[in-house]
Amino acid sequence: MKIVMVGSGYVGLVSGACFADFGHDVICVDKHEGKIEALKRGEIPIFEPGLADLVAANAEAGRLSFTTDLSGPVGAADAVFIAVGTPSRRGDGFADLSYVYAASREIAQALKGYTVIVTKSTVPVGTGDEVERIIRELRPDAEFSVVSNPEFLREGAAIADFKRPDRIVIGADDDRATGVMAEVYRPLYLNSAPILNVSRRTAELTKYAANAFLATKITFINEMADLCEQVGANVQDVARGMGLDNRIGGKFLHAGPGYGGSCFPKDTLALIKTAQDYGTPSRIVEAVASVNDQRKRAMGRKVVAACGGSVRGKTIAVLGLTFKPDTDDMRDAPSLSVIATLLDGGAIIKAFDPEGMDQAKPMLPPQVTYCTSTYDCLEGADAAVLVTEWNIFRALDLDKARTLMKKPVLVDLRNVYRADQVRAKGFVYADIGRGTAAPAVADSDAA
Ligand code: NAD
């Protein structure tokens, strides 16, 4: 099949490379000339494990290519995927669909012969109807169908998720389009991946419902963590006790600094707006978004408390900036709020992230100092805060850290360490909801 991917970011590039690996002919399009030039040279603009090799192998085999001009490729395509961004719109939090609609207009001009246009971007219910209307208005003569095929991949595990998905959701309102989508995903049919054929509107809503539910699970366990801290219970054990119940499941029950990333924050907001617009407000999701927002700043205050109530003039080493490990994505990362809170309190910030520092620099205030390694970051610090659980932060040499730091204070926002082991090394240690919170250290205590 001939496939065009409009938008070559995290989703477009991974999906395009995986479709090519299935044996399809794929052309990835992007407006960003620098990105396309880099891809043509074999450079991958994002950090995603395994992606560079997958792109190289399929480009080499002649199944994957890159361009800024969609007109020729769209004319020859069986299916054109729209994988452009749908960020929160400034002001009201609704999904900004301007990129989707702009792409739809460009695609319309280039259509030749029957083509399936597929929204892979996460889009609110009814967007497919509008895409169809836009294309029909511009090209009354064109033969096409508009399908919704939301993407569920996770950054950091994107290739495995795409190739071995829990399910594929296809929202097509006509049989011809369903047939084309079946061909596109045929290699996965053979792997017995569950394929759900539903209506277009159902597919659009399924994506938001799934993300909002996952965000709710995270937020729920985070609230339980706060309660655990007050009552002396251990949230990891609570989560295990809950998660072993098959009706609940253990995933997304890790207490932490609040969810971030390129999807949950914007998708919960967009769902809230859609539900309000249709007169059926989603009060649960509204509460989730609000609790999560407050939590991110509360994490900064947790560091302040562990430092004896003030961080003014103190150097804080921030370990990890990206919203989760194995990605360089900084969108809505909890580190942004934690660092802002600490800077507001007068702290001096040193930071280290193995992959995310280039993305972080334009998003963080200029006074942050970026370090070359974990121990460079810890040197001279009055406290360290582990924000993202990259593997290299999981086995710190605590003796070395203690000698390098001005004061041995570790705030572990991911519950990576065991309190007794860290404290045995002479550290003041604070974690999330494990009933192990130490009283904040007075300045004179932590030498
Ligand atoms: P991204 O910002 O990484 O990439 C979007 C790309 O689209 C950019 O490179 C941009 O230059 C390009 N673009 C914009 N308008 C264009 C146009 N008219 N023609 C060609 N290219 C254009 O975004 P992303 O993270 O890949 O997300 C894309 C969509 O997928 C969003 O709706 C997102 O919610 C959804 N999604 C993302 C993830 C994820 O983990 N990132 C997972 C599932 C779904």
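Note that ligands are numbered from 1 as they come in the structure, with each ligand's atoms numbered from 1 the same way. These numbers come from the heavy atoms of this one structure, side chains and all, not from hydrogens, waters or symmetry mates. FYI, the numbering just counts along the sequence from 1.
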May I ask you to check if ligand 1 and [X] share an N or O to N or O distance below 3.5 Å?
X: Lys120; value: no
X: Thr86; value: yes
X: Asp267; value: no

Hydrogens and angles aside, do Thr268 and Tyr208 bring a side-chain donor and acceptor to less than 3.5 Å of each other? no
Can you find a non-hydrogen atom of Ala102 under 4.0 Å from ligand 1? no
Lys207 heavy atoms within 4.0 Å reach ligand 1 at atoms 43 (C)
Does Arg167 count as lying over the ring of Phe152, i.e. NZ or CZ under 6.0 Å from the six-ring centre, within 45 degrees of the axis? yes
Does only the side chain of [X] get under 4.0 Å from ligand 1, or the backbone, or both, or neither? Count heavy atoms.
X: Ala83; result: backbone
X: Arg105; result: neither
X: Lys266; result: side chain

Look at [atom] and find which of [options] reaches it with the closest heavy atom.
atom: atom 25 (O) of ligand 1; options: Arg331, Glu155, Glu48; result: Arg331
atom: atom 5 (C) of ligand 1; options: Gly85, Cys28, Ser121; result: Gly85
atom: atom 12 (C) of ligand 1; options: Val11, Val14, Asp30, Leu70; result: Asp30

Please identify each residue that fulfils side-chain contact (heavy atoms from CB on, under 4.5 Å) with Asp245, with sequence neighbours left out. Arg247, Ile248
Between Thr86 and the options Asp96, Thr119, Thr122, the side chain to side chain contact (heavy atoms under 4.5 Å, CB included) test singles out Thr122
Main-chain N/O of Gly128 paired with Glu204 side-chain donor or acceptor, under 3.5 Å: yes
Could Glu48 and Arg154 be called an ion pair, given the rule that one side-chain N must be under 4.0 Å from one carboxylate O? no
